[in-house]
Every structure is written in structure tokens, then in C-alpha cells.
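A quick note: this is a predicted structure, and the numbers were derived from the prediction, not measured. First the proteins, then the strands, lettered A, B, ... as listed; each starts at 1. These numbers come from the heavy atoms of this one structure, side chains and all, not from hydrogens, waters or symmetry mates.
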Amino acid sequence: MSNYDTLNPMQQEAVFHTEGPVLILAGAGSGKTRVLTHRTAYLIEEKGVNPYHIMAITFTNKAAGEMRERIDDMVGFGSESVWVSTFHSTCVRILRRYIDRLGYDNNFTIYDGDDQKTLMKDICRRLQIDTKLYREKSFLSAISHAKDELISPEEFALNAAGDYAQKKQAQVYTEYQKMLRKNNALDFDDLIFKTVELFRADPEVLDYYQERFRYIMVDEYQDTNTAQFQLVKTLASKYRNLCVVGDDDQSIYKFRGANIYNILNFEQEFPDARVIKLEQNYRSTKNILNAANGVISNNVGRKAKALWTDNEEGDKVNFQQFDTGYDEADYIANDIAKKVRDGEYNYGDCAILYRTNAQSRLFEERFVVSNIPYKVVGGVNFYARREIKDLLCYLKTIDNARDDLAVRRIINVPKRGIGATTLARVQTYANENEISFYNALKMAEDISTLGRSAVKIKPFVTLIQTMRSKAPYLGVSALLEELLEETGYVKELEAEGEEEAKARVENIDELISKAVAYEEKCQSEGTEPTLSGFLEEVALVADVDSLESGSDYVVLMTLHSAKGLEFPNVYLAGLEDGVFPSYMTIVADDPTEIEEERRLCYVGITRAMERLTITSARMRMVRGETQYNRVSRFVQEIPQELLGRAPEKVRLAEAVKARTFEQAREAFHSKVSYASTPVEFVSAATENHSLPYQVGDRVRHLKFGDGTVTNITAGGRDFEVTVDFDAFGTKKMFAIFAKLKKI
DNA sequence: CGCGAGGATATTTTT
DNA sequence: TATCCTCGCG
């Protein structure tokens, strides 16, 4: 097996060191997935470990899927018994089997963010909380953080003693959990929390899984929160073969509860831990990597490491500043179109990364005009769209009508003339008799307060009952189609005829194909496709998961979603103070928040393999207001000599600042005063930077080879360079595009 | 009860 | 800007 010879010595060590705790500090692009897959193969092939005893945990389904594929390729026989899964699906699998031991039903439903919000609104209304004073969101985030830290409602209440706001939160938290249990539902955080609780409460179950998972590997370890750490630690405490892989410089999920001390203090937790550093980067050019290093070196309190690469130097980082976001989108669209036309890259090689989802819009609009195929990742999750959620709630209701939330959502969709008053009356009846909302609906005729409305409820109940009896033999996709037929959901949309309605119908079609795909998957695995199975699969998918390799479109996504991915040609857009780093972190008291933004920037830069373009706009519309922003501080942190063009902060930026300082400041805090004179911005593209070659110089072009520069003129945006190529004759080109190198 | 108008509000990131 | 919520009318 010379398989392992292709690994570098550090990687080999990580692969061969199989026993006991191991911490692998894997820099960006250092081949950590490769290490993990080889390690799995090594365990099985060389150490004779039964694949059944190996577990690999990741954060996204996509990462899990990739790892699964690569392990299957390497290992062959028996690879399917390796447990490769995300934290959340792992917990769901465990809880589906054993959560009854905690007093839940094994066919619990999973609440997403929207469901949580609905539930919270309900609770606030019932507890008569002024949501102007205390927002639903703040409760939810307090609860989420508590769960991340494994703090129960009781403990929370104990800690809150004295503080009024916290006492309120404790009260809400308690009520929230009560409601979840009543609806037989778990939220995302509960999945982890309850699994840990289960292990603590039931030694028998714990032992079963400890025996099963004798070798545990955790990917993206820097993103684990306290609950996840506890989970992994508990599982590993018997055999102690815990291998975690992470990079503290890529920790970007603190807001979601990630505890960076999980990685920083790993060695304290496991004093006998073997620490291995992977510092060779195989992904990026020297220039890109050095730019990334330049930025991240401004952070304090990181694990010492020096990422390096043997790759070639590559092009400089292309920095461009524009007047507006439109110009920025324009430039990037043109640049991509040009690179594709020249055969340099395919659309699929290009990615645009930005800080906030809202920034995608300008690019989308521009791409539609230019006919550039693209795909936006993130934003509104497919399964969170209204029509999809409606249908899923129907399925949930058919599957398990214990979830009041789902029932209430769809009872009047499409319109059945059932309004708030009726709902309230049914709810009261349900509460009084301690039955679920749906069961109360079934008894509508007995609810005296309802009067004539009871008649409207009956068809709904009949519909659900009929579908429920059909579900077992119809299968998920057929059930969906019948449901659409019966409810007239699609017909109603089609009647609208609006563009938006059309998109919704398309989404519904996509949902049906996903159901079909699910059934096919079950068939190939030899498992029984069930409604619950489908709902579960659907509950845990993120949008990144849908990225297919091999399809040819430009990918647009947030920097957060981009982690773990790589692209030959990357654009980092909106590098402006106030956008990235975000305004919130600039004004925050806590200096570590800026550091997290910086890590995010590091992640962004290191996504690029060959080409990196960084752009910023001087003014930008942010939710209807014009903001004037400086070039991001992160751009200044990139060593000057690595930038193809210096950020011309001196002349133009100062000029603009001088003239508009008052306005700019105003704009930052309130509305722009429209009465004031509009600022004229001068395009600075032609200013103040010299090309590394002159007329008469010999230059080299990526595609056209060597030639002589015969003319340089200042064009609208950039220098226009005329070159007489030895093999291709005379060509005129823009300097930024041409990437000519002096020879 | 349903619908539309108008106002308030938010945007940082997500499994 | 885009969405969400409330309110008032038919």
C-alpha cells in the first residue's frame, strides 16, 4: 500500500497516530480531509479496526457527503459501516431510538428558526410580555446560548436570581421548553442538548454508543460549542481515541455559540494529547497565501503557526475600488465574462463572496442582464420558503398531528374561512381538556363556543384523516401530489399568474423531485421510505449542501457559507469598513469581535486557489440609505507589494472625506440629507498607479505568449495596452484584464 | 373574516 | 429596500 507515500510527513503522522487523543491543527488548504480519509482507511486496512467502530463528524451534510464518498473510494468493502454524519443528524439518529427514555415520543418533530419564532411570539403574547421592550429574538438567542452551554431552564433561573431581565428570560425559557415538549418537538439546539442529557441519564445507552464509536474524528473542531464538545468527550471517554481537526484561525461561529477554547485548551483537557500541525498549503498561490497571512497576523491570541506553500507565486491580488455597488457588480460581471470568453476559467471556477446576504442582489440583477449563469447559496433556505413550509406542515400534520404549530399554520391555507377567533376558541377548548390542537379540531362539533364555524373545520379534518390513511401505501411523492390536488394549492397559485407565484410553483415541483429522490435513495439502500424519514432528512439540510460539483455556474454566497470550499477564481466584494468588518463589530466594545471578522476575512482569502480580486465601493445603498464607507481595514492589512494596485486612500478618499465628512457621518447614523449638494465622485481608476511595464518592454501574456508593448493609453477605467505578440499579432487590451508580466 | 394600506423595523453571519 | 405587523374597512 503505497497510498500513504503521497502524504507529507506531518500528514503521515496524523494518519498513523491512531491511539489516544490527537489534535490536528490544520491550516487552510493543508489537506485535512485527505488526512481524515486516509486515517480512516489506515485504521481499517492496517490496524484491522472494524469500520463499524469508526465515526467521523462534520458540520454540514455537504462535508459529510464528501467525506463519505472519499472514504468509499479508498476503503471499498465495509466502508458503508463507517459512521459519517453531521452533529445534528447523528443526534437525531440516536434520539429517534432512545429519546423515549427522556419522556419524549420517538417520532418528535424538529423546529427550524421560523417555527421557533412563531412559538416564541405565542409565548410572549400569553405571558403578556411587551415585545417592544423585550424582543422575541433576544429571548430566542438567550435560550439558544443557554442550550449551547448546556444550561437547563432550572439552572438558568437559579443564575438569574436578582436580575429582572434575566428572570424574565428564565421564565420564557421554562415556558418555551414546556411548549416544545407539549408539541413533541425539539429545536436544533435541543438535538445536541438532549443527546448529552440522554447519555448522562442513561448509562446503558451511553455504553452502547461508546462501544460502537471506538474511534472518533471531528472535523472543523474550532466551530464546536460546549454542548458538542461535551457530547464528543462523553462518547470518547471510554476508549479515548479522539481525533479533532481544526484551525483556530478559521473560527467564525462564535455568534452561534462556538467555543474557541475547545481548541485552544484541548491540550489542557487531554494532557496526553498528541498535537500535529499541518502547515503546508496545497491550495493557493504564494501571493494569495501571503495576503491571508498578512491579514490574520493582526490577531492576537492564536496558536502559533506559519502556513506556507510550494505553489507558484501567481498573480498579485487584484484590488479595485468603485464609486457604487453597481459599478462593483458591473466590473465583476465583466471580469468573469471576459475570463470565460478567453477560456481562462469556466463559470463554475468563479465565486463571489460577501459579508451579508443582501449583497447578492446587485450581482444577481447584473448577471441576469449579462446572461451569466449563477447560483445564490443561502439567503432564504429552500425549506424555509412559504410554499414549501406549508406543504411540509401538511406532511407533518399527516404524519404526527401532535405538533400544534404545524396544524395551526395550515388550517387556513388555502383559505377555508377559519380566522383568529375560531382558532382561539379551539385552542381554549384544547387547553381545557388537555388535548392537542388537532384533536380539538376533530371534536369541533362538540365545542359549543364555535357555532357555525365548526362546519368549516370539518372538511379540513376529513382531508387530513383521508390522507393519513392513504399515506402508508401512497409513498411520499404521490402523497404530495394528491395533497396538491385535493387542496388546490397549485391551482390557486397558477390562477395568480404573477412572476412570484410561478417561482413558487417551481419550488413545489422541486420539492416533489426531492421526495422522489428520497424514495429512490431508500430503494437503493433497501430501507423503507416513510413520511417521517423524509421530513427528517429535509429538516436538517442547509443550503450549501445543494452545491453540486461539476455544474457550471458562478457561485454567490456569504463568507460564512464559503468555509470549507475552494475556487480557482474568487472575488471578495464589499470590502468596506461598516460592511466588512460589519458596523456592529466596529462599534462593539469587545475587541474580539473584530478579530472574528478578521478570521472571516482570512477564510475568504484562503478560498482562492489562483486568482483573488478584492473590491469595495465608496458609497453603497444599505436598506434604502446611502452609506459612505472607507476601504476596509483588512485591505490595508494586506502587504502593499502583494496588491496589484494600491488602495488609493490618499488622494480620492481624502478628497471625498473632506467634502462630505459631515454628510458621511450623518449618513452613517441617520438619513442622508437630500437637500445638500450631491457629491461628485471622480473615477480614480486611471490615477496614480503605474504599470510594471512601459512601451518597448517585452511582456508575457497567459494565453498569447510573449510580445512587445507598442502603446499605452489611459482609457475610461484603466490603461489600455497595445501589444505586438510574436505569435498572435497586435492585440489591444485593458491592463487589469491582460495580466501582462514583464520579462 | 379577508384584504389592502400604511407604518415600523431591521441586517451580521446559520446548523 | 423588503418584510412584517397592525389596523380599519367592506
Checklist entry - Under 4.0 Å between a side-chain N or O of A:Arg361 and OP1 or OP2 of C:dA2? => result yes

In whole angstroms, the gap separating P of B:dT14 from CG of A:Asp187 amounts to 18 Å

request  = Establish, from distance only, whether the side-chain atoms of A:Thr592 and A:Lys254 form a donor-acceptor pair under 3.5 Å.
outcome  = yes

Output for pair (A:Asp249 CG, A:Ile260 CD1), nearest 0.5 Å, gives 8.0 Å

Please determine whether a side-chain nitrogen or oxygen atom of A:Thr585 lies at a distance below 4.0 Å from atom OP1 or OP2 of B:dT12. no

Closest to the side chain of A:Phe188, out of B:dT11, B:dT15, C:dT1, is B:dT15

Rounded to whole Å, the CZ-P distance (A:Phe229 to B:dT15) equals 24 Å

How would you label the contact of A:Phe59 with the nucleic acid (heavy atoms, under 4.0 Å): base, sugar-phosphate, or nothing? sugar-phosphate

Side chain of A:Thr606, backbone of A:Ala28: donor and acceptor closer than 3.5 Å? no

- Task: Would you mind classifying the nucleic acid contact of A:Thr86 as base, sugar-phosphate or nothing, using non-hydrogen atoms under 4.0 angstrom?
- Result: nothing

Counting only side-chain N and O atoms of A:Thr558, is one of them less than 4.0 Å from OP1 or OP2 of B:dT14? yes

To the nearest angstrom, the CZ-C1' distance between A:Arg386 and C:dT3 comes to 12 Å

Does any part of the side chain of A:Tyr354, heavy atoms only, come nearer than 4.5 Å to the side chain of A:Val579, both counted from C-beta? no

Do A:Ser138 and A:Ser141 have side-chain N/O donor and acceptor atoms under 3.5 Å apart? no

Review point. Do A:Asp112 and A:Lys389 meet the salt-bridge criterion of a basic N to acidic O distance under 4.0 Å?
Key: yes

Mind checking whether A:Phe199 and A:Tyr209 have parallel, tilted or perpendicular rings, split at 30° and 60°?
tilted

Give every pair of a protein N or O atom and an N or O atom of nucleotides 5-10 of chain C that lie under 3.5 Å apart, one pair per line with the distance.
from	atom 1	to	atom 2	distance (Å)
C:dC5	OP1	A:Lys121	NZ	2.4

Close N/O contacts between protein and nucleotides 2-8 of chain B (under 3.5 Å):
from	atom 1	to	atom 2	distance (Å)
B:dG2	OP1	A:Asn412	ND2	3.4
B:dG2	OP1	A:Gly417	N	3.3

P-based separation of C:dC4 from B:dT13 [nearest Å] | 15 Å

Just checking, is any N or O donor in the side chain of A:Asp390 or A:Tyr489 under 3.5 Å from an acceptor N or O on the other one?
-> yes

Nearest-nucleotide check on DNA chain B, A:Arg135 vs A:Asn357; residue mapping nearer the 5' end is A:Arg135

- Message: Does A:Glu596 reach a base, just sugar-phosphate, or nothing at all? Heavy atoms under 4.0 Å.
- Response: nothing

**Asked** B:dA10 phosphate, OP1 or OP2: any side-chain N/O from A:Lys137 under 4.0 angstrom?
**Response** no

>> Parallel, tilted or perpendicular, judged at 30° and 60°: which one describes the rings of A:Phe255 and A:His560?
In response: perpendicular

_Would you say A:Glu220 and A:Gln222 are linked by a side-chain donor-acceptor pair, where the criterion is simply a distance under 3.5 Å?_
yes

Applying the 5.5 Å / 30° rule, does A:Tyr253 stack onto the base of B:dT14? no

In whole angstroms, the gap separating P of B:dT13 from CD1 of A:Ile252 amounts to 13 Å

*asked:* Base of B:dT13, side chain of A:Arg355 - is there a donor-acceptor contact under 3.5 Å?
replied: yes

